2 protein chains.
Amino acid sequence: MGTRKTAVFGEIENELAELAKAIGHPARVAILRELANRNVCVCGEIVDTLPLAQSTVSQHLKELKAAGLISGTVEGVKSCYCINWAALERFKTLLDDFFKPGSGQNCAC
Amino acid sequence: MGTRKTAVFGEIENELAELAKAIGHPARVAILRELANRNVCVCGEIVDTLPLAQSTVSQHLKELKAAGLISGTVEGVKSCYCINWAALERFKTLLDDFFKPGSGQNCAC
DNA sequence: AATATTTATCGTAATTTTACGATTAATGCT
DNA sequence: AGCATTAATCGTAAAATTACGATAAATATT
């Protein structure tokens, strides 16, 4: 127990959930915003903007990368990260497609 | 440790993260989709569509409600839930505003 | 009044997440 | 070659999440 039962859900549900989950932390939101604003960012600069330990930021970067929301390449000693606009667009599209108002009755709540 | 350091982040970062986090689970995505399609839904119907225990679904509904993504009212023995379109719109707006491409250099990664 | 139905809550266990410091690996500099 | 810098990884602890069954509370039904 304590494990997400991803296997019993549809592919789209899981894809959407995974992207949302990756965005679902203020530090990762801040990282994405920084990357969006600057388009390119060296790891150390991201660390400097966040009130978190370097190792923690590294962990968040790893998660964003795993979700496909950012990509990173090694540039000598440094690491260059940038946002994956396509993934972000994909997320928005999924949101729009998945949560479209149906033809059902109106809400009474 | 193990706790999210929400206090050190901006209000918008936290708001965006909280909404994303709430969507960040396939069961909750499925619930939202069901609610979006039908616009109104009785709790039992949602439980029937999900391969999860009733108590687990109830927990997910509670989280979606806490995040403001759905609202629910008691209708006799049953509970009527519906999607909060405004919250979903708010989420999309935050996404658009927060992750807008800046005037920086292009990505090289 | 007794029973059934519906859903929220409680208690609990397994797992994941978040955070940090310390260490390692890799490159750059002197 | 030796030292400095940068960032990933490791180890670990605290807390949150996810899931379930059992129970409780509230309304319907007979």
Side-chain angles (χ1 to χ4, degrees), chain A residues 1-9 13-14 17-31 34-35 40-67 70-82 109, chain B residues 1-9 13-14 17-31 34-35 40-67 70-82 109:
Chain A
M1 255 183 265
T3 326
R4 225 180 258 250
K5 293 176 77 180
T6 51
V8 300
F9 296 103
E13 273 100 337
N14 281 316
E18 226 174 294
L19 286 167
K21 190 180 141 209
I23 302 176
H25 189 289
R28 293 194 290 269
V29 169
I31 291 172
E34 198 68 20
L35 252 43
V40 167
C41 220
V42 167
C43 178
E45 299 175 304
I46 301 171
V47 172
D48 288 343
T49 65
L50 292 178
L52 295 173
Q54 178 264 322
S55 57
T56 306
V57 175
S58 198
Q59 221 172 338
H60 284 305
L61 286 166
K62 197 177 171 185
E63 260 169 275
L64 285 170
K65 204 172 173 184
I70 66 173
S71 60
T73 46
V74 181
E75 304 256 325
V77 209
K78 311 202 178 175
S79 269
C80 171
Y81 284 99
C82 51
C109 303
Chain B
M1 252 181 266
T3 327
R4 225 183 260 250
K5 294 176 78 181
T6 52
V8 300
F9 296 103
E13 272 100 338
N14 280 317
E18 228 175 293
L19 286 167
K21 189 179 141 209
I23 302 176
H25 189 290
R28 294 195 289 269
V29 169
I31 291 172
E34 198 68 18
L35 252 43
V40 167
C41 218
V42 166
C43 176
E45 299 176 302
I46 301 169
V47 172
D48 288 344
T49 65
L50 293 177
L52 295 173
Q54 178 265 322
S55 57
T56 306
V57 175
S58 197
Q59 221 172 339
H60 283 305
L61 286 166
K62 196 178 172 185
E63 261 169 275
L64 285 170
K65 203 173 173 183
I70 66 173
S71 61
T73 48
V74 181
E75 305 254 326
V77 209
K78 311 200 176 175
S79 271
C80 171
Y81 284 100
C82 51
C109 305

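Sequence lines set the chain letters: A, B, ... in the order given, protein chains first and strands last, and positions in each chain run from 1. Quantities reported herein were computed from a predicted structural model and do not represent experimental measurements.
Closest approach of A:Ala22 to A:Leu64, counting heavy atoms only: O-CD2, 3.9 Å. B:Tyr81 and B:Leu61 get closest at one heavy-atom pair: CE1-CD1, 3.6 Å. The nearest pair of heavy atoms linking A:Arg4 to B:His25 is NH1-CA, 3.2 Å. Between A:Leu52 and B:Phe9 the shortest heavy-atom distance is CD1-CZ, 3.9 Å.
As a whole-Å value, the separation of A:Asn14 CG from D:dT18 P is 13 Å. One atom, NZ of B:Lys78, and another, C1' of D:dT29, lie 13 Å apart when rounded to the nearest Å. Between B:Leu50 atom CG and D:dA19 atom C1' there is a gap of 13 Å when expressed in whole angstrom units. When the P atom of D:dA19 is taken as reference, atom CD1 of B:Ile31 falls 10 Å away, rounded to whole Å. Rounded to an integer number of Å, the gap from NZ of A:Lys21 to P of D:dA16 is 17 Å.
Sparse packing is recorded around CD of A:Glu18, with 12 or fewer heavy atoms of other residues, nucleotides or ligands lying under 6.0 Å away.
As judged by a 4.0 angstrom heavy-atom cut-off over every strand, B:Ser55 is placed among the base-contacting residues. Using a 4.0 Å heavy-atom criterion, one finds that A:Thr56 contacts the bases of the nucleic acid, with or without backbone contacts as well. As judged by a 4.0 angstrom heavy-atom cut-off over every strand, B:Gln59 is placed among the base-contacting residues. Here B:Lys65 lies out of heavy-atom contact (under 4.0 Å) with every strand. At the heavy-atom level, A:Val57 lies nowhere under 4.0 Å from the strands shown. As judged by a 4.0 angstrom heavy-atom cut-off over every strand, B:Leu61 is placed among residues making no nucleic acid contact. Among the heavy atoms of the strands lying under 4.0 Å from A:Ser58 is at least one base atom, whether or not backbone atoms are also near.
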Working for side-chain contact (heavy atoms from CB on, under 4.5 Å), residues B:Ile23 and A:Ile23: CA-CA 10 Å; B:Ile23 302 176; A:Ile23 302 176; over 6 Å; no
Derivation of the side-chain contact (heavy atoms from CB on, under 4.5 Å) call for A:Lys62 and A:Ser58: CA-CA 6 Å; A:Lys62 197 177 171 185; A:Ser58 198; over 6 Å; no
Test log, rule side-chain contact (heavy atoms from CB on, under 4.5 Å), inputs A:Thr49 and A:Glu45: CA-CA 6 Å; A:Thr49 65; A:Glu45 299 175 304; 5.7 Å; no
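OP1 or OP2 of D:dA8 sits under 4.0 Å from a side-chain N or O of A:Tyr81. An OP1 or OP2 oxygen of D:dT17 is reached within less than 4.0 angstrom by no side-chain nitrogen or oxygen of A:Thr3. Of the side-chain N and O atoms in B:His60, none sit less than 4.0 angstrom from OP1 or OP2 of D:dT17.
Bracketed by its first and final contacts, the part of DNA chain C lying under 4.0 Å from non-hydrogen atoms of chain B reaches from C:dT5 to C:dC20 in 5' to 3' order.
Heavy-atom distances to DNA chain D give each of A:Lys62 and B:Val77 a nearest nucleotide, and the one nearer the 5′ end belongs to A:Lys62. When each of B:Ser79 and B:Lys5 is assigned the nucleotide of DNA chain C with its nearest heavy atom, B:Ser79 is the one assigned upstream, toward the 5' end. Heavy-atom nearest nucleotides on DNA chain C were determined for A:Met1 and for A:Gly76, and the one closer to the 5' end corresponds to A:Met1.
Side-chain atoms of A:Gln54 and base atoms of D:dA8 include a donor and an acceptor less than 3.5 Å apart.
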